[in-house]
J.: 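There's a structure below that I have some questions on.
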Amino acid sequence: MTDEVETKAAPASPSFVDGRTKTIPLEWPLEYDGEIYTDVTVRRMTGAEVSAFFAQPEETRRLPMFNCPAEVIDALDADDAAAVSKAVMDFLPRSMRPAGG
């Protein structure tokens with residue numbers, strides 16, 4: 001007689017359906033570390049990412065919302081940075097938005 005142990009597959013990870021990203025084309029593309037960036041994709045953070053963000057020391061916090069390195073975000077042309085910042089403000093959780101914003 002063989003004792004068979006029923007094994008359950010691990011449940012799939014939850015995933016969002018849509019609408020959680022926005023791609024901003026750059027007027028002034030950048031090259032960094034051998035890669036050319038012609039756009040920046042911004043995405044909404046999860047609850048776990050918000051918690052991790054606030055757990056970091058304030059002086060080293062970086063929003064985990066971009067599809068590119070922080071160096072690219074820091075080097076954006078001022079007009080491109082403004083367009084990316086607008087998308088960030090649209091995608092920040094309400095609890096992280098400035099008052100009146």
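These numbers come from a predicted model, not from an experiment.
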J.: Which atom pair, heavy atoms only, marks the closest approach of R20 to F91?
T.: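 That would be O-CE2, 3.3 Å.
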J.: Looking at T60 and Q56, would you say the former's side chain and the latter's main chain have a donor-acceptor pair under 3.5 Å?
T.: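 Not a single qualifying donor-acceptor pair exists.
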J.: Under a 4.5 Å cut-off applied to non-hydrogen side-chain atoms, are V88 and L63 in contact?
T.: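 A side-chain contact exists here, since the closest heavy-atom pair is under 4.5 Å.
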J.: Check whether R61 reaches the backbone of A55 with its side chain - one donor and one acceptor, N or O, closer than 3.5 Å.
T.: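 Such a contact is absent between R61 side chain and A55 backbone.
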J.: So, taking the atom named CD in E71 and the one named OH in Y32, what distance separates them when rounded to the nearest 0.5 Å?
T.: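 Answer rounded to 0.5 Å: 3.5 Å.
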J.: Quick check: do C68 and I73 have side-chain heavy atoms less than 4.5 Å from each other?
T.: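 Yes, their side chains come closer than 4.5 Å.
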J.: Looking only at atom types and distance, does a side-chain atom of R43 sit under 3.5 Å from a main-chain N or O of P64, one as donor and one as acceptor?
T.: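 Between the backbone of P64 and the side chain of R43 there is a qualifying donor-acceptor contact (under 3.5 Å).
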J.: Within the side chain of D39, is there an N or O that forms a donor-acceptor pair under 3.5 Å with the backbone of L26?
T.: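 Answer holds: no.
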J.: Please find the pair of heavy atoms, one from V50 and one from P93, that lie closest to each other, and give the distance.
T.: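 In terms of heavy atoms, the two residues are closest at CG2-CG, 3.8 Å.
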J.: Nearest 0.5 Å, please: how far is CG in L76 from CZ in F66?
T.: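 Answer for the CZ-CG pair, F66 versus L76, is 8.5 Å.
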J.: Do V84 and M89 touch side chain to side chain, with heavy atoms closer than 4.5 Å?
T.: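 No; the side chains remain at least 4.5 Å from each other.
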J.: Any chance CD of E58 has more than 12 other-residue heavy atoms, nucleotides or ligands included, within less than 6.0 Å?
T.: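 Check fails, neighbour count at 12 or below.
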J.: Which is it for T41 and T23 under the side-chain hydrogen bond (donor to acceptor under 3.5 Å, both in side chains) test, yes or no, and what are the steps along the way?
T.: CA-CA 4 Å; T41 299; T23 300; 2.9 Å; yes
J.: Given R62 and D74, is the salt bridge (charged side-chain N to carboxylate O under 4.0 Å, His left out) satisfied, shown in steps?
T.: CA-CA 11 Å; R62 300 295 294 206; D74 292 344; 3.0 Å; yes
